[in-house]
Amino acid sequence: MLPIPAEELNGSGTLGPYWTFYRAVAAEQLSRWLPGQPSVVLDLSGGRGRWSAQASRAGHRVIEVIDFRRTAERGVRDADRVRQVRADDLAFLPDESVDAVVAEERAMSVELMAESAMLDVARVLRPGGRALVCVDSLVLGMAILAEQEQWQHLRQTGEVMLVPWPDGGITRCFSSSQLRELLMGAGLEVEWVRPRTVLSPSTVDHVLGSDNRALAWLVRTELEAHPDDDDTVGIHLVASARKT
């Protein structure tokens, strides 16, 4: 069975408390990760808005790249700090022109040529700049294959795992070592790799069902855990890497 049912994967199902928790964890991770001084942040998360909005509220100037194949979600944006660009690559940016790159919303999993995309990320990062990357995990990939009864593919190997997504697309799923290889192959130094969340939906639902004021405690508990390189739990992996 899926760790989260297929209909829940985009946050549109019945696991409302879990997705509230998940988004709170992601927002706090980004808050802790963003540069401490005003910087130029490149957002490759697909034009969904909230990552750029959070970075701009923190005082950064943001370049938000919107894929031609996707529609940007409307939201509150600071037009003075967020510039939206429609592009399918980063050719419009010069070398070493941004301080940080945020690739949330599974950006490197839906980008099947992830190696080429990460080389471009490394190119535009200034020395000392950092990248925050979120990808689908092998746990999720194997769970989706099990739902589809594709038993012959349920072997965790060193090969690239491409999985048919419930909406008809394709997702590339990573182990922690594969995610490290992706980042190191682009010449970046990996700072850490971890599951986005290790707390299960049932645990989160139980705690928040008992006391909805417990959200801040749950988020703090999650972020104080140190499950580095543990790809046996969680639907997504998150990594931070630096250009030396």
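Computed from a predicted structure; not experimentally measured.
Under the 3.5 Å distance criterion, with hydrogens and angles disregarded, no donor-acceptor pair is assigned to the side chains of Ser97 and Arg126.
Side-chain contact between Val190 and Met184 is present, with at least one heavy-atom pair separated by less than 4.5 Å. Residues Arg61 and Pro38 have side chains not in contact (no heavy-atom distance under 4.5 Å, counting atoms from C-beta outward). Here the side chains of Pro195 and Val198 are in contact, with some heavy-atom distance below 4.5 Å. Looking at heavy atoms from C-beta onward, Val101 lies out of side-chain contact with Val133 at the 4.5 angstrom threshold. Annotation: side chain of Thr171 is in contact with side chain of Cys173 (closest heavy-atom distance under 4.5 Å). Looking at Asp99 and Val41, their side chains never come closer than 4.5 Å, going by heavy atoms from C-beta outward. Counting heavy atoms from C-beta on, the side chains of Asp95 and Val124 never come closer than 4.5 Å.
Closest of all the heavy-atom pairs between Val193 and Ala239 is CG2-CB, 3.8 Å. Taking every heavy atom of both residues into account, Ala214 and Val207 meet most closely at CB-CG1, 3.7 Å. When all heavy atoms of Ala91 and Asp120 are compared, the pair lying nearest together is N-OD2, 4.3 Å. Arg123 and Pro94 make their closest contact through NH1-C, 3.6 Å (heavy atoms, listed as atom of the first residue, atom of the second, distance). Minimum heavy-atom separation, Ile144 to Pro164: CG2-O, 3.6 Å. The minimum heavy-atom distance linking Phe21 with Leu199 is given by the pair CZ-CD1, 3.8 Å.
Arg81 places no side-chain N or O within 3.5 Å of a backbone atom of Ala55 that could act as its donor or acceptor partner. Remark: side-chain polar atoms of Arg130 are not paired, donor with acceptor, to backbone N or O of Leu34 under 3.5 angstrom. The backbone N or O of Ser52 sits less than 3.5 Å from a side-chain atom of Ser56, completing a donor-acceptor pair. A donor-acceptor distance shorter than 3.5 angstrom exists from the side chain of Ser210 to the backbone of His206, with no hydrogens or angles considered. Between the Lys243 side chain and the Leu188 main chain, no donor and acceptor come within less than 3.5 Å of each other. Between the Ser109 side chain and the Arg172 main chain, a donor and an acceptor come within less than 3.5 Å of each other.
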For Ser200 and Tyr18: C-alpha separation, side-chain torsions, deciding distance, then whether side chain to side chain donor-acceptor pair (under 3.5 Å) applies. CA-CA 8 Å; Ser200 69; Tyr18 177 76; over 6 Å; no
Kindly determine whether Phe92 and Val65 satisfy side-chain contact (heavy atoms from CB on, under 4.5 Å), including the steps that lead there. CA-CA 11 Å; Phe92 69 93; Val65 178; 3.8 Å; yes
When you look at Leu208 and Leu215, which way does the side-chain contact (heavy atoms from CB on, under 4.5 Å) test go after all the steps? CA-CA 7 Å; Leu208 292 183; Leu215 179 61; 4.1 Å; yes
Apply side-chain contact (heavy atoms from CB on, under 4.5 Å) to residues Gln29 and Val238 and explain how you reach the verdict. CA-CA 10 Å; Gln29 280 179 332; Val238 186; 4.3 Å; yes
Take Leu112 and Ile170 through the side-chain contact (heavy atoms from CB on, under 4.5 Å) test and state the conclusion after the steps. CA-CA 8 Å; Leu112 300 185; Ile170 299 291; 4.0 Å; yes
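Separating the CG atom in Leu179 from the CE atom in Met118 is a distance of 8.5 Å, to the nearest 0.5 Å. Here the straight-line distance linking atom CD of Glu115 with atom CD of Glu181 works out to 9.5 Å at 0.5 Å rounding. Note that CD1 of Ile63 and CG of Leu42 are 6.0 Å apart. Values are rounded to the nearest 0.5 Å. Rounding to the nearest 0.5 Å gives a distance of 11.5 Å between CD of Glu189 and CG of Leu183. One distance of note links CG of Asp43 with CG of Leu30; it measures 9.0 Å at 0.5 Å rounding. For the atom pair Arg106 CZ and Ser137 OG, the distance stands at 10.5 Å (nearest 0.5 Å).
Taking the charged nitrogens against the carboxylate oxygens, Glu105 and Arg23 have no contact shorter than 4.0 Å, which rules out a salt bridge. In summary, Arg242 and Glu191 engage in a salt bridge, as defined by a charged side-chain N under 4.0 Å from a carboxylate O.
Each of Glu222, Glu104, Glu28 was checked for a salt bridge (Lys or Arg N to Asp or Glu O under 4.0 Å) with Arg196, and the lone residue meeting it is Glu104.
The side-chain contact (heavy atoms from CB on, under 4.5 Å) test applied to Thr221 returns Trp217, not counting sequence neighbours. Partners of Gln37 by side-chain contact (heavy atoms from CB on, under 4.5 Å), not counting sequence neighbours, listed by chain and number: Pro35, Ser39.
In the hydrophobic cluster analysis, where Ile, Leu, Val, Met, Phe, Trp and Tyr join through side-chain heavy atoms closer than 4.5 angstrom, Leu44 is grouped apart from Met113. Met161 and Trp165 fall within a single hydrophobic cluster, where Ile, Leu, Val, Met, Phe, Trp and Tyr are joined by side-chain heavy atoms under 4.5 Å apart, directly or via other members. Hydrophobic clustering keeps Leu90 apart from Leu119 (ILVMFWY residues linked when any side-chain heavy atoms are closer than 4.5 Å, directly or through intermediates). No continuous path of hydrophobic side-chain contacts links Leu138 to Val233 [ILVMFWY only; heavy atoms under 4.5 Å]. Grouping the Ile, Leu, Val, Met, Phe, Trp and Tyr side chains by contacts below 4.5 angstrom, directly or via other members, places Tyr22 with Leu223.
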